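In what follows, a single structure is set out as structure tokens and then discussed.
From a predicted model like this one, the values you see are computed outputs, not experimental measurements. Below, read A as the first sequence line, B as the second, and so on, with proteins coming before strands; counting in each chain starts at 1.
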Amino acid sequence: MANIWERLKKGMTRTRSGLGDRLRSLFRGRAWQEELWDELEEILYEADLGSSTIEYLLSALHRRVQQEHPATADQVLELLFQVMVAELGEQSPSLSLPAGGPWVWLMVGVNGTGKTTTAGKFAYLLRQQGKTVVLGAADTFRAAATEQLEEWGRRAGVEVVHQAAGADPAAVAYDTVRSTRSRGADLAIIDTAGRLQNKVNLMQELQKIRRVVERECVGAPHEVWLVIDATTGQNGLTQARVFLESVAVTGIILTKLDGTAKGGIAVTIHHELGLPIRFIGVGEKAEDLLPFDPHDYVRAILGDETGAIG
Amino acid sequence: MFESLTEKLQSTFKRLRNKGRLTEADVKAALRDVRLALLEADVNFKVVKDFLATVERDAVGQDVLQSLTPDQGVIRVVRNRLTELMGTSVERIKMASNPPTVIYLVGLQGSGKTTTAAKLALMLHHQGRHPLLVAADIYRPAAVDQLQALGAQIGVPVVHEAGLGAVDLAQLGIQKSRQLARDVVIVDTAGRLHVDSGLMDELRQMQAKVPAHETLLVVDAMTGQDAVRVANAFKETLPLTGVVLTKLDGDTRGGAALSIRAVTELPIKLVATGEKVDALELFQPERMASRILGMGDVVSLIEKAERALDKDDTERLAGRMSSNTFNLEDFQSMLHQVKKLGPLSKVMEMLPGMGQMNKLKSQVDDSSLVRVEAILNSMTVKERRRPDIIDGSRRRRIASGSGTSVQEVNRLLKQFQEMRKMMHQLKGSGGRKKMGKLPFPPMR
Ligand SMILES: Nc1nc2c(ncn2[C@@H]2O[C@H](COP(=O)(O)OP(=O)(O)OP(=O)(O)O)[C@@H](O)[C@H]2O)c(=O)[nH]1
Ligand SMILES: [Mg+2]
């Protein structure tokens with residue numbers, strides 16, 4: 001599997017002035033000065049971390065600066081790097097399924113974040129590992145959502161459980177779990193329709209899907225993946241909060257990191273809600289799904305230590 | 001964090017006012033609140049910086065400082081500048097004098113192009129046009145199926161031919177428009193990253209063969225700081241003529257709208273406010289300004305109220321509200337009216353002073369409304385007309401009758417009293433006029 005940093009870098013080199021790059025060159029070889037705080041603040045804002053997290057990180061940095069008296073700007077940047085990596089916690093394990101099962105995963109999120117694509121990527125990658133996967137097309141609302149998942153089913157070589165458009169999504173979820181079990185498959189991945197978190201009835205529909213899955217399989221759903229688009233701003237936190245409350249999200253998947261957005265709201269989500277960021281999407285192909293690595297991720301925001309990128 | 005800007009400013013100024021006269025430094029302090037609000041609304045960092053510099057000039061120069069309510073003064077300056085920035089007029093889709101008009105929808109993956117294409121087709125159809133859709137997203141699985149399904153739903157033909165590239169499809173669209181006597185061609189393009197030079201080039205080639213009259217950038221209203229980079233990059237490649245802001249039915253503040261507008265000067269022409277095919281509206285600059293500031297969308301709410309509510313009923317209620325005899329029965333009919341406005345969350349978004357309520361959003365949803373109604377229904381007519389007679393034992397009976405708790409009944413009664421007091425105070429104070437028409441229940 002290609003190195004995640006290489007892939008992240010790919011996105012950044014395509015823009016002439018990666019943010020981190022700019023920051024690095026501004027800091028390089030300079031003595032640390034108070035006005036550089038503004039630069040740090042700016043880069044964190046530009047990465048969408050949001051004010052409360054930025055305040056938190058910078059005051060943590062401030063403490064380190066007071067303790068360690070770094071002389072150069074580079075050293076301060078390195079401290080910030082450490083603060084952020086520590087905040088983000090462990091590196092995520094790579095994609096795998098434990099023995100046993102059948103396991104049931106649920107894909108949830110607002111519209112257009114990459115739920116269906118990520119479900120397809122999961123199916124494909126796990127199929128490559130020799131697992132048997134069943135995809136459940138529980139987005140019965142959006143036009144051609146089923147067809148989209150079926151195409152991923154063909155690519156991955158896995159079965160797709162579906163019903164007619166407009167069918168009860170909970171019924172599709174039920175069928176999917178049933179079919180997974182009767183086939184002795186390892187994993188069911190249930191794709192759900194995108195929904196904005198402030199739509200009470202749609203969130204209730206999602207809870208119903210969850211309940212049906214719970215009833216049909218003990219301990220299920222084993223993962224509830226909240227898919228967040230890296231271009232999302234501060235609304236991402238509200239998304240995470242409401243989806244967490246409604247269906248007990250277990251992990252974040254941050255998609256579209258192959259663009260210029262840094263998805264800093266995921267840091268805030270992690271900080272505020274304690275949800276782990278588990279995978280990142282860096283493209284539209286099946287292989288473009290990688291385990292989250294805090295180190296590489298912070299590098300993508302603050303730039304490469306070596307300075308010039310690409 | 002979600003505390004509304006208005007409230008925040010009020011408290012800032014209250015603090016300041018205790019010192020006597022306001023100074024330039026005080027305004028600066030107030031503008032720090034504005035800065036945070038804008039950043040929290042996802043307005044681009046640099047745009048915020050520039051914006052505040054101008055606002056400060058305006059605010060200091062005017063008689064804001066002498067005013068008795070400097071918070072209102074500063075808010076007004078901020079809001080006016082913001083509205084100005086958002087564009088002063090409603091911008092329409094321009095039609096070519098020589099049909100067919102060619103409209104391209106472009107943007108990042110997942111921003112909502114396909115749905116918007118269908119909505120736009122329907123909107124134009126309602127205006128008496130004869131649109132045609134071109135399915136030119138040949139990459140995303142089932143994107144063509146999606147547009148075809150939507151086309152069938154709204155009765156607009158969809159052009160596609162398997163095996164053709166995007167450029168050929170655009171040309172085919174023009175051809176078909178002639179055959180089918182269609183005067184607008186709407187091209188749905190594949191989502192692409194602005195940094196994907198190969199795909200950006202594809203768009204350029206399409207437009208070289210089939211020039212556009214309108215090229216609309218479709219942007220997700222929830223976009224953060226990246227919006228500016230994306231819009232700039234698309235603008236460098238294509239002759240963009242405007243922006244469509246999607247998913248505005250969410251609870252995002254939508255600062256991306258301001259950022260894009262400020263940096264690219266592109267007008268925002270349309271906003272999408274729902275998943276249904278008719279959920280597309282013309283963009284209203286000053287509503288967006290209020291929304292970004294967290295000041296609520298009162299104009300929309302009033303319009304919606306006017307559409308949904310029974311006029312006689314509301315007028316009667318409004319009369320009752322300002323009278324001293326406002327009782328729980330009136331309150332019950334108020335609830336009834338409020339329910340007609342749609343899901344409570346949506347109504348709440350549009351209200352000013354939403355900050356406090358937003359925090360309570362998870363509690364204040366339609367299910368809490370249902371409980372309040374149950375409590376009211378469990379009261380006797382006499383109790384509703386004369387709430388003062390509801391003593392302890394009556395409260396217990398009402399609680400068990402409605403499947404709620406005595407605490408809930410107590411809370412409701414207390415809120416009702418507060419509301420009555422508030423209404424009394426509102427009488428005569430200027431802002432009441434419009435709001436008087438709006439029945440709204442107290443929140444817990
Ligand atoms: N560049 C890039 N595009 C992605 C990534 N993940 C998904 N996409 C694209 O984003 C668009 C939307 O993805 P979908 O998987 O359809 O999103 P969804 O959440 O299922 O959408 P709805 O079901 O409509 O809510 C598609 O064009 C995907 O190809 C990613 O990591 N990078
Ligand atoms: Mg989907």
Side-chain angles (χ1 to χ4, degrees), chain A residues 11-12 14-15 41-42 45-48 50-52 110-114 116-117 120 141-152 154-155 165 193-201 229-239 241-242 245 255-256 258-265 284, chain B residues 1-2 36 39-42 44-46 48 108-112 114-115 118 139-150 153 191 193-197 220-227 229-230 233 246-247 249-256 275 343-346 349 361-362 365-367:
Chain A
M12 297 184 55
R14 282 193 293 214
T15 44
E41 186 191 28
E42 175 166 351
Y45 266 113
E46 294 260 0
D48 287 314
S51 52
S52 62
V110 300
N111 311 74
T113 55
T116 307
T117 307
F141 179 81
R142 209 208 66 198
T146 299
E147 285 82 350
Q148 186 185 356
L149 195 67
E150 278 181 317
E151 172 56 29
W152 275 104
R154 271 191 291 279
R155 287 182 192 176
R195 65 199 76 220
L196 296 175
Q197 72 277 6
N198 60 337
K199 312 245 159 148
V200 177
N201 55 337
D229 184 326
T231 59
T232 312
Q234 299 309 301
N235 192 251
L237 179 60
T238 322
Q239 288 170 26
R241 193 170 274 141
V242 177
E245 263 173 30
T255 61
K256 309 187 195 176
D258 46 332
T260 49
K262 298 293 179 278
I265 194 62
E284 295 181 85
Chain B
M1 199 187 304
F2 281 115
L36 266 189
L39 287 169
E40 281 301 312
D42 294 319
N44 182 270
F45 191 84
K46 291 196 189 68
V48 172
L108 297 181
Q109 290 96 336
S111 56
T114 307
T115 319
Y139 305 105
R140 207 204 70 198
V144 174
D145 299 306
Q146 187 186 350
L147 192 64
Q148 279 169 343
L150 291 168
Q153 194 185 327
L193 289 170
H194 52 297
V195 286
D196 188 330
S197 51
D220 187 325
M222 295 177 280
T223 312
Q225 300 285 318
D226 205 38
R229 286 183 286 256
V230 172
T246 63
K247 309 180 201 174
D249 48 329
D251 50 16
T252 182
R253 290 272 180 80
E275 293 188 75
L344 203 50
S345 56
K346 189 145 183 171
E349 268 155 44
K361 202 154 209 170
S362 50
D365 54 14
D366 293 271
S367 63

So that I can tick it off, tell me whether B:Arg140 and A:Glu284 are bridged by a salt bridge, with the cut-off set at under 4.0 angstrom between side-chain N and carboxylate O. no
Residues B:Asp226 and A:Thr260: side-chain donor-acceptor under 3.5 angstrom: yes
Against chain A, label B:Gln153 side chain, backbone, both or neither, depending on which of its atoms sit under 4.5 Å from a heavy atom there. neither
Could you measure the distance from the OG1 atom of B:Thr246 to the CG atom of A:Asn111? Nearest 0.5 Å is fine. 8.5 Å
Are any side-chain N or O atoms of B:Asp42 and backbone N or O atoms of A:Gln234, one a donor and one an acceptor, separated by less than 3.5 Å? yes
Without swapping roles, check the side chain of B:Asp251 against the backbone of A:Asn198 for a donor-acceptor pair under 3.5 Å. no
Nearest heavy-atom pair of B:Phe45 and A:Glu46: which atoms, and what distance? CB-OE2, 4.0 Å
Inspect the contact between B:Glu275 and A:Arg195 and indicate whether a charged nitrogen and a carboxylate oxygen are less than 4.0 angstrom apart. no
Which atoms form the tightest heavy-atom contact between B:Gly250 and A:Leu196, and what is the distance? N-CD1, 3.5 Å
Heavy atoms of A:Ser51 and B:Leu36 approach each other most closely as CB-CD2, 3.6 Å
Shortest non-hydrogen pair, B:Val195 vs A:Gly259, comes out as CG2-CA, 4.3 Å
Assert top hit (heavy-atom pairs under 4.5 Å, partner chain A, pool B:Lys46, B:Met222, B:Gln148) equals B:Met222
What part of A:Val110 lies closer than 4.5 angstrom to a heavy atom of chain B: side chain, backbone, both or neither? side chain
A:Thr232 and B:Thr223, any side-chain heavy atoms less than 4.5 Å apart: no
From the list A:Arg155, A:Glu147, A:Gln148, the residue making the most non-hydrogen contacts under 4.5 Å with chain B is A:Gln148
Tell me, out of B:Pro141, B:Gly255, B:Gly110, who's got the most heavy-atom pairs with chain A below 4.5 Å. B:Pro141
Which bit of B:Leu108 comes within less than 4.5 Å of chain A, counting heavy atoms only: side chain, backbone, both or neither? side chain
Spatial distance of atom CD (B:Gln146) from atom OG1 (A:Thr146) [nearest 0.5 Å]: 11.5 Å
Answer key: most heavy-atom pairs under 4.5 Å with chain B among A:Thr113, A:Val242, A:Leu149, A:Thr231 is A:Thr231
Heavy-atom distances under 4.5 Å only: say whether A:Gln239 touches chain B with side chain, backbone, both or neither. side chain
